[in-house]
Every structure is written in C-alpha cells, then in structure tokens.
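Here is the structure we will look at.
Order of appearance sets the numbers: ligands from 1, and atoms from 1 within every ligand.
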Amino acid sequence: MKNDIQATTEGVELTDGFHLLMEALEMNGITNIYGLLGIPVTEIGRMWQARGNKFFSFRNEQNAGYAASVAGYLTKKPGICVTVSAPGFLNGLTALANATTNCFPMILISGSSEREVVDLQQGDYEEMDQLNIARPHCKASFRINRTEDIGVAVVRAIRTALSGRPGGVYLDIPARLFSTTMSAEEGKKSLFVPVDPAPAQIPGPDAVARAVALIKGAKKPLILLGKGAAYAQCDADIKALIEETGIPFTPMSMAKGLVSDIHPQCAAAARSMVLQESDVVVLIGARLNWLLAHGKGKTWGGAKKFVQIDIQANEMDSNVPIAAPLVGDVESCVNALRAGLKGMTKPTEWMDAIAERASGSKAKLGTKLATATPIMNYFNSLGAIRDVLKNHQDVTLVNEGANALDNARMIIDQYQPRKRVDTGTWGVMGVGMGSAVAAAVETGKPVVAVCGDSAFGFSGMEIETITRYNLPVTVIIMNNGGIYRGDEANPAHQVSCMTFNPNTRYDLLMQSVGGEGVRVNTPEELTKALEASLKSGKPTLIEAIIDPAAGVESGRIGNLNIVSTIGKK
Ligand code: OXT
Ligand code: ADP
Ligand code: MG
C-alpha cells in the first residue's frame, strides 16, 4: 500500500528517511530495485515490496549492480542497486565503475556508518569512507545528511546519471537517516520530478555542414555503430540514415541488431576490409578505444577521415584527429545529417565490393558451422544456437567468455536493437547472470546467456536467483574445462592454473536449485535442448561439452596477451 506512513506525534503526521527515499524513487518512475539486503537497508526491500514494487534480491552485490546497470542501458532510466555498507558497497562499486565505463545510467545506493564515527575512524560496524572511495569510479558521489534533502538528492542523482554521457552515480545514506523523521507534509513538498533530465543536445550548423561535406566527398564511406547509438533509442532514424545514403555499416558488439545483421548494407562479415579500405568513417556512439585499435595501425589501413557523433565533447581527438566532430545527442545529430545528405549519390560500387567479400566470408563460415567433429567445437555448437535463435528474434543474448564470446559475436546474428548484452568496454567476466536477470525483468522476454565455463563461475550462484524469480532464462555453458582451453598441463605437475575440475556437473548445479539442467554432447542435442527451454520458458541450464582443445589463448584478442620474451622457466 502506498503512503502507508506514519507515526504521529502531537498531532503532526510524520514520515521518515525510508519512506521519503521510496516515494522519491516511485515518483520518478522507478519500479524495480536490484540489491542485497542487511544492516542498515533491510527495511527498504520489505517496504518496497509491500508498496507493490519489485525488489530483485541477489546472492552477491556485484551481480545486482550489473543487473541495475543493464536495466539502465535497456530502459534509458537509471538502474537502481541497493547495498549494505563497506563490503556490500565495495562489491556493488565494481558494477558502478563498470556502468560508468560503459556509459550506462545507474545509481548505487548504499547504507553507511555515521559520519562522526567514520571521520574519527572509531571503528564502527562496517566502517568505511564510502563517499570518497566511490568518487573516482562514477560521475558523481553524493551523501544525504538531512531527510528534507532526499528529494533533491534523488533528482540530482537521476539527472547526473542520464544527462550528457550517461553513467554511474553513488548515493550515500548514513544509517540513522533512514529512521530520522520529519513532518509528512513538509516531506511530501520536498519531493519532485526533474524537468527534461536528459536534454537533447543539438549540433551546431557549421559542424553539420562540415560533416555533410566530408561524407558527400567520400568514395568509400563507412558508418560504425556503437552501443551509444543503441542506447539512444532512435533506431528508425539510424536505419533511415543508412538506407537513404546507401552507406555500408558495421556494428560494435552491443550495437549488433540496431540495424539487422542480415541487412544488405551490413558489412560485419567484411569487417577488416571496410576498416582498412574506407576513406571516411562516421562513428555513431562508438569510442576509438582499444576495441577499435585506437583508430590507427594496420587495422585501419591507409589515410582516413573521421566524423564522430558523441555527446561528450572531449571524446573528440581522444586517439586520432577527428576531421568533423559532431557534438550532440545521437538522435539530433543523425537527423541533422539526414537532412544534409538528402539525395546524396549512393556508393554503389563500394557496397557491391563489400557484399562480395561478405558473402565469401559467410560461405566459408557456413562450411565451418556445418562440419561435425567428435567433440563439439565453438563453430558447430554456436552454429546450432544461431539457427535456433533465428526463430526467436526477440530473445536477448547475453554473452561472456573469451572464445565463447568472440565466436558467438561472429556467428550469432542479431535482428533487433539492444538484444545483445556482453562484457562491454572492459571485457569483464561475471556480468552474465546479473545481465540475464535484468534483461528478463526489463524486457519481459526470454533470455539466452552463452557463457564460457570460467565466465559463468564469476556469477554462477545467481542461477538460484533466476529460479527463485522463475525467469525465462536459458544459460548455456560452453564447457571446455578452463580459461581459453581445458587441456593445459602444468609443467611442474601441479594443478593447472588455467583449467577446472573436469568432473564438474553444471547441469546438476541447476537441478539442485530447482531449474532444468541438461548436458549435451552434440549440436543436435543442443538444438533440441534450447528449443525445449525456449518453449517451456522455464529457467534452464544447458551444459554444452566443448572440446578442451578447441579454444585459443585470449580468443580474438591474443595480440593483447603479454608473454615472456625470455621463455618459460
Ligand atoms: O574481417 P575479418 O577477417 O577480420 O573477420 C571478422 C569478420 O569479418 C567476421 N565476421 C563474419 N564472418 C562470416 N559471417 C558473419 N556473419 C560474420 N560476422 C563477422 O568475423 C571476424 C571477427 O569479427 P568481429 O568479432 O566483428 O571482429 P574482431 O576483429 O574480433 O573485432 C575486434 C574486437 C576487439 C572489436 C573484438 O574482438 C571484441 O569485441 N573483442 C572483445 C574481447 C573481450 O572483451 N574479451 C573478454 C576479455 S578476455 C580475458 O580478459 C579473459 N579473462 C580475464 C578476466 C576478465 N576478463 N575479467 C575478470 C573480472 N577477470 C579476469 C578471463 C578469466 S577471458 C576469461 C575467461 C575465458 O574463459 P571462458 O571459459 O569463460 O571462455 P572460453 O575462452 O570459451 O574458454
Ligand atoms: P562501443 O563499445 O559500442 O564502441 P562505446 O561505449 O565505446 O561504444 O561508446 C559509446 C559512446 O556513446 C560514448 O562515447 C558516449 O559518450 C556516447 N553516447 C552515449 N549516449 C549517447 C547519446 N544519447 N548521444 C550521443 N552520444 C552518446
Ligand atoms: Mg572455457
């Protein structure tokens, strides 16, 4: 029941910090909280649920935080994570930092010890200077010291998380504040909803004209879509820009499906060719960071000019000179370009050459996917998954691992925007189960999480969370017995530092928490199991046995792996 307050003293109706916080969140359209409860925040969960909202209770705050960040990415509203003090806060902080790195809006709310004890380091229960520890890892770190400031603080957190480049915000609430009371009437007046928390940022006309001229003069233009473009939720405008100009596009991993992977202008299957041969590249919500080889070197071939659309002005020139910076929000910039490029001559010859290369790559890959092997490898297993998911295009694919990640990104097509969530900018393992929970909750549609066996281990206990909330999540573990490979022997006859116990039964783990657990050895069994789980909608774990020798060190980023130059001892 809403507004279920409140004690009265001497005829004045009272409210308290707990109620004001919940009312402020509700008023701002928040219905789902992800978290892990205990002193001093336990009551938030109980009361939040009693008020008819949803609290998703995790087994480790890091996973709850990843869930909140993915909720933020998918909905364009900040995802909320609630944790206890010091250790709980620190677990959640990893996810907050990851959200900020990925430009996902998220608010981490943690209970904390009283300032007077923390500041004098007098050894409180779970004492920690959380406010300052959070500060370098997010866009802003705020503490609320007075109940009458709760409304302002929540709005300030929401505006900070959403405006400009989205990211994480930390909200520190000392324990005593939760139960501090004030007049209910005054409290109510202190709550509000921000006007236009993520304002459009229109690019300047000169900047648009510069970009238009550059693109019109290109012989081999390319559009590169990043997850900032997917986040912007102006899918039809981006598709129109691509189709009206005839420019080929290639997506970064989480932008796959923003325009369908099977669209005739999709150049993903000719990626190295288009990065090298293009002369003008239009980056839309994608940074020239390590994932794009910093915009230089042999990945990028010869001379190149960049047009970059980004809401963060100082992203321009971060790695290489940007010839035409378009600082603004994706929707405004894309529509300004569309207007300027109307009637532009389509680069047909360039597109034809790309299509030819792409069809050759697809044919080669098709052969690999169809080749049977005594034990499954990444190709025939992921090929089976791809074929099933073709018929379930609204499934969100969550993906983590190294070989399990890189091969799935290459093999599994995406058809709709924001249907792929993966390890993101940091390449972080452990995002799997939190992301799966959030995607199922926020989209209301099924989720398939394809995880390496190492990656799964980081958040594996959350399969209990998945079964507890009876979410339509299918976890597929690509079990090759280790990090990258499962066949590495230790030279000193110790337990290898790269492999796992080969007798582990992930399928039985799932059964033990009440889900369906299946072990499969062939692509046919995998197809059957995945079809059955999608049909049933029940929490399912499919353990796919993969050849321990099938993977390669570090997947497709082996070039970043540092090895000793003087050999092993
Ligand atoms: O054009 P070319 O010839 O180049 O070919 C490209 C495309 O054209 C082509 N392609 C296609 N061909 C045919 N048909 C179609 N449809 C098609 N589409 C594409 O395919 C190729 C490749 O295309 P892609 O993928 O687009 O391009 P490319 O060149 O690969 O892109 C470059 C990148 C950099 C953008 C891309 O590679 C990328 O996004 N990479 C991300 C990599 C990443 O983030 N990896 C994760 C980190 S690895 C490591 O750090 C791990 N750890 C350490 C650790 C971490 N990370 N975190 C924490 C908290 N602790 C520790 C650990 C522990 S991985 C790991 C666990 C690994 O073990 P697991 O058991 O989990 O996993 P397994 O490896 O499976 O055992
Ligand atoms: P990817 O990993 O897919 O290449 P990145 O995370 O590197 O993508 O880049 C996303 C970029 O998108 C960031 O630089 C961020 O500032 C930008 N961005 C996010 N939302 C918007 C938006 N609505 N308008 C413009 N730029 C945005
Ligand atoms: Mg593995």
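At least one N or O atom of Lys227 sits closer than 3.5 Å to an N or O atom of ligand 2. Remark: ligand 2 and Asn102 share no N or O pair separated by less than 3.5 Å (distance only, no angle test). Between Ile311 and ligand 2, an N or O atom pair is found at a separation short of 3.5 Å. Where the criterion is an N or O separation shorter than 3.5 Å, residue side chain and backbone included, Asp453 meets it with respect to ligand 1. Any N or O atom pair closer than 3.5 Å counts here, and Met429 shares at least one such pair with ligand 1. The distance criterion of under 3.5 Å between nitrogen or oxygen atoms is met by Ser454 with respect to ligand 1. Checked by distance only, ligand 1 and Met273 stay at 3.5 Å or farther apart across all their nitrogen or oxygen atoms. Looking at Glu315 next to ligand 2, no N or O pair under 3.5 Å apart turns up. By the 3.5 Å distance cut-off applied to N or O atoms, Arg485 is not counted among the residues near ligand 1. For the pair Pro166 and ligand 2, the shortest N or O to N or O distance does not fall below 3.5 Å. Taking only nitrogen or oxygen atoms, main chain and side chain alike, Asp329 does not reach within less than 3.5 Å of ligand 2.
Ligand 2 has no atom lying under 4.0 Å from any heavy atom of Ala255. The shell of residues lying under 4.0 angstrom from ligand 1, judged by heavy atoms, excludes Gly555. Residue Trp290 places a heavy atom less than 4.0 Å from ligand 1.
Close contacts between ligand 2 and Gly285 involve ligand atoms 8 (O), 9 (O), 10 (C), 11 (C), 12 (O) [criterion: under 4.0 Å to a heavy atom]. In summary, the atoms of ligand 1 found under 4.0 Å from a heavy atom of Ser361, numbered by their order in the structure, are 12 (N), 13 (C).
Taking each of Arg409, Arg556, Met410 in turn, the one with a heavy atom nearest to atom 40 (N) of ligand 1 proves to be Arg409.
Around the Mg ion (ligand 3), the protein atoms of type N, O or S found under 2.8 Å away are Asp453 OD1, Asn480 OD1, Gly482 O, listed by chain and number.
Closest to atom 15 (C) of ligand 1, if we only count protein heavy atoms, is Ala269 CB, 3.7 Å. For atom 20 (N) of ligand 2, the closest non-hydrogen atom of the protein is Tyr231 CD2, 3.7 Å.
The main-chain N or O of Val169 is never found under 3.5 Å from a side-chain atom of Lys139 such that the two would form a donor-acceptor pair.
Evaluated for a side chain to side chain donor-acceptor pair (under 3.5 Å) with Asn98, the options Asn102, Thr94, Thr100, Thr101 yield exactly one hit, Asn102.
For Arg287 and Asp310, the salt-bridge test fails: no basic side-chain N is under 4.0 Å from an acidic carboxylate O.
Contacts of Leu405 with ligand 1, taken as heavy-atom pairs under 4.0 Å, involve the side chain alone.
Screening residues 270-286 for salt bridge (charged side-chain N to carboxylate O under 4.0 Å, His left out) gives Lys220-Glu277 as the qualifying pairs, with residues at least two apart or on separate chains.
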